[in-house]
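Counting starts at 1 for both ligands and their atoms, following the listed order. Note that these values count all heavy atoms, side chains included, but never hydrogens, waters or copies made by symmetry.
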Amino acid sequence: MTPIIVASGNGAKALPDGIRILRRGGSALDAVEACARYVEADVSDVSVGRGGLPNILGVVELDASIVDGTTHRAGAVAALVGFHHPISVARRVMDTPHMLLVGDGAARFAAEIGAEKIQNLTPSTRKLWIEALAAVGATPASVRRAKKLLPIVKRVIAKRLGTVNFIALDRKGNIASAVTTSGWGYKYPGRVGDSPIVGAGNYCDTIAGGACCTGYGELAMRNLTAKTAVDRLAEGMRPASVAREAIMDANALDPAPFNIVVLAADGTHASATNRAGRQYAFMDTSMTETATKARLVARE
Ligand code: ASP
């Protein structure tokens, strides 16, 4: 089987880093972590890591998870503030007796393992935040003073979504998956999406395959989309049908933007969305460049 990595469209640039690892016989886990780190460090991506959009108070709260499809060990962090690579903190959580650390506890753990600290709000995302507040007549000072944030969140929030997904199959046939995000732009403080919730936004199983989501994360949590998709792969459904069914399940709850990437254990893959013009990316060890392909559109 040819080792391969499948990603959401915004992961395309990172794939050569992961493929380099798979080419030299490295693990799917190492490959997805390396790819996720690449995007976390890319300040031009306003949906992930440094340069990701902040919450309504201007604080960048990051969510990430990593899953080992062979052992079903997983690690995740949510609402992590002040660290450069949430995916690597998530990977270290995997080695503890716990699986998901959030907020202050996640930050404490990140500091204890010596994870790199950083201010994830950049001058340009600070500007975007201030402009988004100004559009509804608010300012940084007024939101900090506000007794109730939800009414402001509801006005500011324009479903500014985005996340990056990676699923890899290595030379030994092991599958791993990683998802990392700054979540919903201008969200309520403490809002956690599907990305760090194993089974919702991220799941894989080496026997069947993997699935990861982007878009309105609450839908992936309500449908346990990634786990459901992997169960469908295990039942023998092909990746294209699995991806389409996942979008139909989301559409049945809410018409908000929703996307999925699916990789089967035999290396075949597909992706679907409920919005036209969306791409996903993949690269295998025989390719010299990343390829992108249109996601299937499922609207019913
Ligand atoms: N799923 C992410 C979340 O809800 C956002 C996104 O992928 O667009 O936090």
Side-chain angles (χ1 to χ4, degrees), residues 6-12 14 32 35-36 39-40 42 44-49 51-56 59-67 76-81 86-87 90 100 102-103 106 120 125 128 132 153-154 156-167 177-203 210-229 243 246-247 249-251 253-262 271-275 277-281 295:
V6 178
S8 50
N10 57 339
V32 292
C35 290
V39 185
E40 287 173 348
D42 177 1
S44 71
D45 191 320
V46 297
S47 67
V48 179
L53 290 175
N55 68 15
I56 194 73
V59 178
V60 182
E61 293 181 324
L62 301 174
D63 296 344
S65 64
I66 186 161
V67 181
V77 290
L80 175 66
V81 176
I87 197 68
L100 169 62
V102 308
N120 283 309
T125 45
L128 290 174
V153 169
K154 282 183 172 168
V156 173
I157 230 156
K159 294 213 169 78
R160 290 294 307 259
L161 298 163
T163 292
V164 70
N165 300 154
F166 295 100
I167 314 168
S177 52
V179 178
T180 181
T181 188
S182 50
W184 196 336
Y186 319 125
K187 61 195 170 188
Y188 195 96
R191 179 267 183 186
V192 170
D194 59 318
S195 306
I197 307 300
V198 168
N202 183 7
Y203 196 69
C212 297
C213 306
T214 55
Y216 185 19
E218 280 71 0
L219 302 183
M221 292 192 276
R222 288 164 69 190
N223 278 332
L224 280 182
T225 305
K227 172 69 163 79
T228 304
I247 302 302
D249 291 345
N251 292 346
L253 300 183
D254 190 303
F258 197 76
N259 323 286
I260 188 167
V261 290
V262 177
S271 170
T273 178
N274 54 13
R275 294 290 185 278
R278 300 271 164 97
Q279 306 267 315
Y280 77 107
R295 294 183 189 252

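- A heavy-atom distance below 4.5 Å is not found between the side chains of C212 and F166.
- Partner of T163 under the side-chain hydrogen bond (donor to acceptor under 3.5 Å, both in side chains) criterion, out of D63, D45, T181: T181 alone.
- At least one heavy atom of R191 lies less than 4.0 angstrom from ligand 1.
- Using 4.0 Å as the threshold, G215 has a heavy atom nearer than that to some atom of ligand 1.
- Counting only heavy atoms from C-beta outward, the side chains of L53 and K187 never approach each other to under 4.5 Å.
- Looking at G217 next to ligand 1, an N or O pair under 3.5 Å apart turns up.
- Close N/O approach between T181 and ligand 1 is not found [any backbone or side-chain N/O within under 3.5 Å].
- Close approach of ligand 1 to G183 (heavy-atom distance below 4.0 Å) involves ligand atoms 9 (O).
- T225 places no side-chain N or O within donor-acceptor distance of the main-chain N or O of A200, the cut-off being under 3.5 Å.
- A distance-only check finds no donor-acceptor pair linking the side chain of T180 to the backbone of P86 [under 3.5 Å].
- Within ligand 1, counting atoms from 1 as listed, the ones closer than 4.0 Å to a heavy atom of D194 are 1 (N), 2 (C), 3 (C), 4 (O).
- Of the candidates T163, N10, V164, the one placing a heavy atom closest to atom 5 (C) of ligand 1 is T163.
- For a threshold of 3.5 Å applied to N or O pairs, the pair formed by G162 and ligand 1 contains at least one separation below that value.
- For the pair I56 and V156, the minimum side-chain heavy-atom distance is below 4.5 Å.
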